[in-house]
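A short worksheet on the structure shown next.
Just so you know, residue 1 is the first one in the sequence shown, and it goes up from there.
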Amino acid sequence: GRKNCSSQAGITQPEVEFSFTPGCVFTRNVVKFHPMKIKGIIFDFDGLLVDTETPQLRAWQKIYAASGATLRLQEWVQCLGTSADAFDPIADLRSKTEHPLDVQKLIQQQREQVNHDLLVEPLRPGIQELLIGARRDNLSLAIASSSNRSWVEDGLRRCAILDFFPVICTSDDVSQVKPHPELYKLAMQRMGLTEDEVVVLEDSPNGIRAAKAAGLICVAYPNEISQHLDLTQADLILPLLDPIEFFELLRRGLKPDGQTG
């Protein structure tokens, strides 16, 4: 159950141990809780705040099917959380079909389908409440995304959450995207915070690797696609995002394996 701090006859009862949602996984990276003064949260964008990844995969799968080919999840996930150059669907489709391809038409078709789907794609469960709670608690908020700035800002604006993020770091700002830690290091620098004052929310293995390489605590909140991937490099995996639970997590703090104090 939730923590229960009640008092009777002026005596404060001991706090009941806080129970996290069934399914939460504390990975081998974490040995125990310890107090931390968290002052900021850095969020990934694609797949974390909004599930932009499932519509993109489905749009390409539809195009593949029209050419008698198949795009498997295991192939698509190469580009999750990193540069889109990590997987070239056009080159892959060419290798799987003898049909002539009108490349520009296919790319345009895919973009139109994704943009149409994203118009009705909501924030992922718990995100809105988490942002409101973080603002209430005066936490600094930032975005660190391997996508370009126009894509990220358009998405934040569409979901009416752009002004929650005074710091937005994208592929336009760095020479190397995730899994390289440059995006997270830049975000921390712009926030004016250090590694032990920040926690990261991510959804993909590449993003988690980037956060850990930057020396940060990383909580994974997988989506429909990334729930099938290995996210065990994160410190904690949350199948559901309960804002009350998350802020309790921040209050207690996580101690990564190998740190002392």
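A distance-only check finds a donor-acceptor pair linking the side chain of E182 to the backbone of S175 [under 3.5 Å]. The closest donor-acceptor contact from the side chain of S204 to the backbone of G207 lies under 3.5 Å. The backbone N or O of S140 sits nowhere less than 3.5 Å from a side-chain atom of R135 that would complete a donor-acceptor pair. Panel note: side chain D92, backbone D88; no donor-acceptor pair is recorded below 3.5 Å.
The pair R158-E121 does not count as a salt bridge, with every side-chain nitrogen at least 4.0 angstrom from each carboxylate oxygen.
Rounding to the nearest 0.5 angstrom, the gap separating the SG atom in C159 from the CG atom in L49 is 8.0 Å.
Put simply, the residue from L101, V103, T70 that forms a side-chain contact (heavy atoms from CB on, under 4.5 Å) with L93 is L101. With S147 as reference, D46 is the one residue of D46, D44, D172, T52 to meet the side chain to side chain donor-acceptor pair (under 3.5 Å) rule. Tested against F164, the residues L130, I143, I132 include a single side-chain contact (heavy atoms from CB on, under 4.5 Å) partner, I132.
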Yes or no on side chain to side chain contact (heavy atoms under 4.5 Å, CB included) for I38 and F247, after CA distance, side-chain angles and deciding distance? CA-CA 10 Å; I38 295 296; F247 286 116; over 6 Å; no
Hey, mind stepping through V198 and I41 against side chain to side chain contact (heavy atoms under 4.5 Å, CB included) and telling me if it holds? CA-CA 6 Å; V198 171; I41 307 173; over 6 Å; no
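Not counting sequence neighbours, the partners of R72 by the salt bridge (charged side-chain N to carboxylate O under 4.0 Å, His left out) test are E75. With sequence neighbours excluded, no residue forms a salt bridge (charged side-chain N to carboxylate O under 4.0 Å, His left out) with D137. The salt bridge (charged side-chain N to carboxylate O under 4.0 Å, His left out) check on R149 picks up E153, D173, with sequence neighbours excluded.
Here the closest heavy-atom approach between residue A214 and residue P181 is recorded as N-CB, 3.7 Å.
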